[in-house]
Structures are given as structure tokens and as C-alpha cells.
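Working notes for the structure below.
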Amino acid sequence: MGIPNLLRFMKPFIEPVHIKKYAGQRVGIDAYSWLHKGAYSCSMELCMSPKSAGARRYISYFMHHVNLLRHHKVVPVVVFDGGSMPCKSATDEDRHKKRELSLVLGKEKLEQGNTAAAIDLFRKAVQITPSMAYQLIQILKTEKVEFVVAPYEADAQLAYLATLDADQGGIAAVITEDSDLIAYGCTAIIFKMDRFGNGEEFIMEKTLETVKDGLCFQDFDQNLFTGMCILAGCDFLPSVPGIGTKRAYSLISKHKNIDLVLSTLKLDKRYSVPDDYIDSFWKTLAVFNHARVYDVKSKSLKHLKPLEERYLNYLAGDLDILGPALAPSMAKAIAEGRLNPVTMETFDEFSRTISPIELIDTSALNVANQHGSQEILTQESSITICSSEESRDDSIAFAADEITSGEQRCNKGVLALGKFLPQKHSSPAVECKEVKPKNTPDNNPFKKRKLPTDQESLDRNGVSAGLCWPLTQESVASIPNERSSKRQSQQEAFRNKTNKNKDERSGLLKFFMRL
DNA sequence: CCGGATGCCTCCT
DNA sequence: GGCATCCGG
């Protein structure tokens, strides 16, 4: 849901822009926003006959926008969400249930012959599945459009790419609908881009130095800015009741210090601050600062902003709030769209019934040919993820999940795959079919804090509760050594938890050692 | 004035 | 996901 009202609040710093401003540059695309809008045009088909040609109109929509960018000599870099996408938070759970209800009601209406009402309900039932993303990826590959599947949040991946130079695979701006990009400190964002290339632009640097409409961020650094966003409420942590963007801004603006803001808030009798709020706040800030992203160069996971080794050790047992680490082979497979980041399944080739070329309509192809893949290829992008060498990937596909099969991906199983996965290949090959991922890892435990419905997640929260936060600038400088024994036991607990899932994992391990 | 809850819209014609 | 609107503190 992003940060409620943040865009409206930031309106004075958002200006009209046309995409041609970025001619000759690389621009990142939050795939979810175009997928969702595109799906709206074929919601009924997606609900009733997901494998029909009509159900792929969302791909035409997407490619139209891609080709619009190419037409203006902008190089698109498409970024998909990775783990934990379908079961993000409690509110997502609610939405999911509402969508399922709409689907059922829609089918009823259709049977009754009330098409108009049915269409209305199907629109409310639209969901973006990994399968849809996978099908789009096949087209992006044939069209030589660069893409990457983020290990977790696409937003974090986009913010990371925005920090890199173009020759390192970086992007000059991000196209999205999601205000979270602001919280991640993304340098340049284009919101609400329409099919003609008009949008609204947010530039972080400009915002931090301009005074407008009584708003002034001149004394804000990135942490204060992100802190303001977290206070106003975000997907990871709901705001203290009564606090929205304006009060968040006032508080940060007044104290210019997060510790002070939090302690002031805690003492203020007008608000009831949950006991674990301050703790959670710092964790959330750590997620926005150090989220796991995929580094194309090293083909492994990195942190959005570097997390120094000593902090890594310090946080050892608690790093799962960033989502489990993934072995490079796995991170790579996810990033390249070969592995379903939610279920961790690869697939069987039989699940894919349509060849990529059949998925795209001819009009899209014509436009593509006009503006040409050629020029895109000649653009220097030393890091093109989807290279032709991977044509073998065409035989692999996401399991063709129906639009209705949400809950199987919303797995309550707790499994930290992460740092205990082997980093080297060494073992005999194992058939894909032996990969048994039914009990899939829950990718972002921190988010699950919002819905601690099962005992395991409660246990885990119990474990995290005793950890060594916060990571304020002050406290980071003086990490206490005396906590080492505590840390040790936490690590041990973590290890035990991981071992418990060893068997479930072994199939996966064997498979990935082969990669 | 401020924040929160609610309900409608995103496609394309 | 956003946005407009109305309502309650």
C-alpha cells in the first residue's frame, strides 16, 4: 500500500515530466504497476479462461509502454517483485480474500447472465500471479528487454539500481505508482506515467534543498526522511494511531533526531505507542536501508546500502527480517526468472502450453520492429541479464497457477533457507522432479509479524524480541561486547530452527548444487 | 486542522 | 496501488 497520503503530501515537490527527458538513459520499471493496470483490460478473461489469448492482453499493454519508452530512446529495465509478493501483510490477506469472493460472485453473475455485474466483480478479483510475470518475462526475453526479478521487494531493487552508474547497470529514474520508492530514498521517480509518456516526477535531491508550501527538508538527511515515512505508516509497520504524514513531518522537523522523536512520542499521552513499536521502528528502518537486492555483477545478494561485516555478525540471528539470504545460485535463478521466488519451484516444461511468440499480438510486434530491438542492443548495457545463451530457459516455466490458487503460495511454514545454503557446487545431479518445495520458505518473516497466526511465527517473534536493536548512529558506534553470549544462543536457536527444516530443504539443495 | 475509514478507479472506447 | 470524500476528534 505504500505510505498513505505520501504522494499528496509531497505534491509541491512533484512536477510534470515527459519520458523523453530520459532519452539515451536507462530507466527502471516497477513491473507490478503496469501488470496490474494491464490486467484490468482483460480481467474477465484472466478469471474465466487464463490460458486464452484474450487473457494475455495485459502483455500487450505492458509491451506498448515498453515500446513507448524505446520510441523515445529510453532503455527500459523491468524489475519484478520477488519473494513474499502474494502474502505480503495482513491487509494483503484481506484484499486477497475480497478478491476471491469477487471471483466467486463474478462467476455466479455470469451464470445468471448478468455480464455487466460479472465484469465489475472480475475487475475486483484481478490478481497478479507469478505465472503472469513469467509469461511476460518470456516476451521480454524475445524482445531483448533487460529485466531482473528482485529477491524480495522490487522497490528495493529499483532504489538500488538507481544508485549505480549506467555502465554498472544503473538506472537514471524509476517508473512506478508506489510511493515506497520515496521511502527507499530513490533519487528520481516518475509516477503515473500514461500511455503517451506523461508522468509526474519526484527528484529527491531537489526535494531536500527546496522550500515550498511551508515544507522544508533542508535539515533532513536520508534517515530522517525515511524515518518520517515509517512514522506515517508503511507496509512493514503500521503507524501509531493518529499519526499520518503531517504529524510525522512535524515531529521529525521539530526534533531532527529519530531517538528524540520516538521517546517524545512514547511520552505523549495523546498517543498510545505499542510496547514494541520503537524496536520495530528501527528494524523497519534497517529494512529500508539495507534490504536485500540482487547484484548483477557478482550474481549474488547484496544489501541496498552496505551492511558492514561487524554489523552482520552483530545482527546474525536477526537478519531474517530482511528475508533469508539466498545462495548465489538461487538468487541468480530467481533474478533471471527461472525460479518462482514465492514457491521456490522450478517447473516442469509441460506446464507451459504456449510458445512465447504466440503470446504477443502482432501490433505489439510491429511497433517493436519499427523501433527495433537493434538499437537497444547497441546501447551499451554491459549487464544484460536476459542473454540468448539462456534459450534453454524456454523449456522451464512457472507452474501455471490459476488466478484462484492464492493460498497455496501463502505458506505459513517457516524456513530460513538462507545462509546455510551451500555456496559451492559439489554434488551429484538430481532430477528437477525431486525438488519438493511444497513447504515453501516464508520469505519475509518481518512482514509476518503482522499476522502471527501460527505458533512458529510466534516463536520466531519471541526470538526476535530479545535482539540487539536499535541501530542508531549512536548505538552502532558502540556495539556492546557483553552481549556476545546472548548472541551466541540466538544464533544457536536460529541454527536449530534451520536444521529442523533440513530434510525439506535437502531436495532443493541438491538441485541447486547442480546450477 | 488533521487523520482515518470508506468507496471508487486503474483498461479502452 | 492511488484518490476523493466525508466524518470524528
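Every chain is numbered from 1 and lettered A, B, ... according to where its sequence line falls, protein lines coming before strand lines.
Within the 6.0 Å centre-distance limit, the rings of F236(A) and F288(A) are counted as a close aromatic pair.
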For every nucleotide of nucleotides 4-9 of chain C, 5' to 3': is a protein heavy atom under 4.0 Å from its base (B), only from its sugar-phosphate (S), or from neither (-)?
BB----
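Remark: K98(A) engages no residue in a salt bridge (Lys or Arg N to Asp or Glu O under 4.0 Å) (not counting sequence neighbours). Residues passing the side chain to side chain contact (heavy atoms under 4.5 Å, CB included) test with F217(A) are F9(A), M10(A), F13(A), T207(A), L208(A), L215(A), F220(A), F225(A), M228(A), Y249(A), sequence neighbours excluded. Taking the ring pair (Phe, Tyr, Trp, His ring centres under 6.0 Å) definition, one finds that F202(A) meets it with nothing, sequence neighbours left out. Every residue was checked against the salt bridge (Lys or Arg N to Asp or Glu O under 4.0 Å) condition with K302(A), not counting sequence neighbours, and none meets it.
Dashed line: the shortest gap from a side-chain N or O of S239(A) to OP1 or OP2 of dG3(B) is not under 4.0 Å. Residue K37(A) places none of its side-chain N or O atoms closer than 4.0 Å to OP1 or OP2 of dC9(B).
We find that CZ of R123(A) is positioned 10 Å from P of dC11(B), with the value rounded to whole Å. I3(A) places its CD1 atom 16 Å from the C1' atom of dC3(C), with the value rounded to the nearest Å. At whole-Å resolution of the value, NE2 in H64(A) and P in dT13(B) are 10 Å apart. Across the protein-nucleic acid pair, H36(A) atom NE2 and dG1(C) atom P stand 10 Å apart, rounded to whole Å. When the C1' atom of dC3(C) is taken as reference, atom CG of L6(A) falls 14 Å away, rounded to whole Å.
Comparing R195(A) and D120(A) against DNA chain B, the residue whose closest nucleotide sits nearer the 5' end is D120(A).
Checking dG3(B), dG1(C), dC11(B) against the side-chain heavy atoms of D235(A) singles out dG1(C) as nearest.
Residue pairs meeting the salt bridge (charged side-chain N to carboxylate O under 4.0 Å, His left out) criterion with at least one member in residues 126-136 of chain A, sequence neighbours excluded, do not occur.
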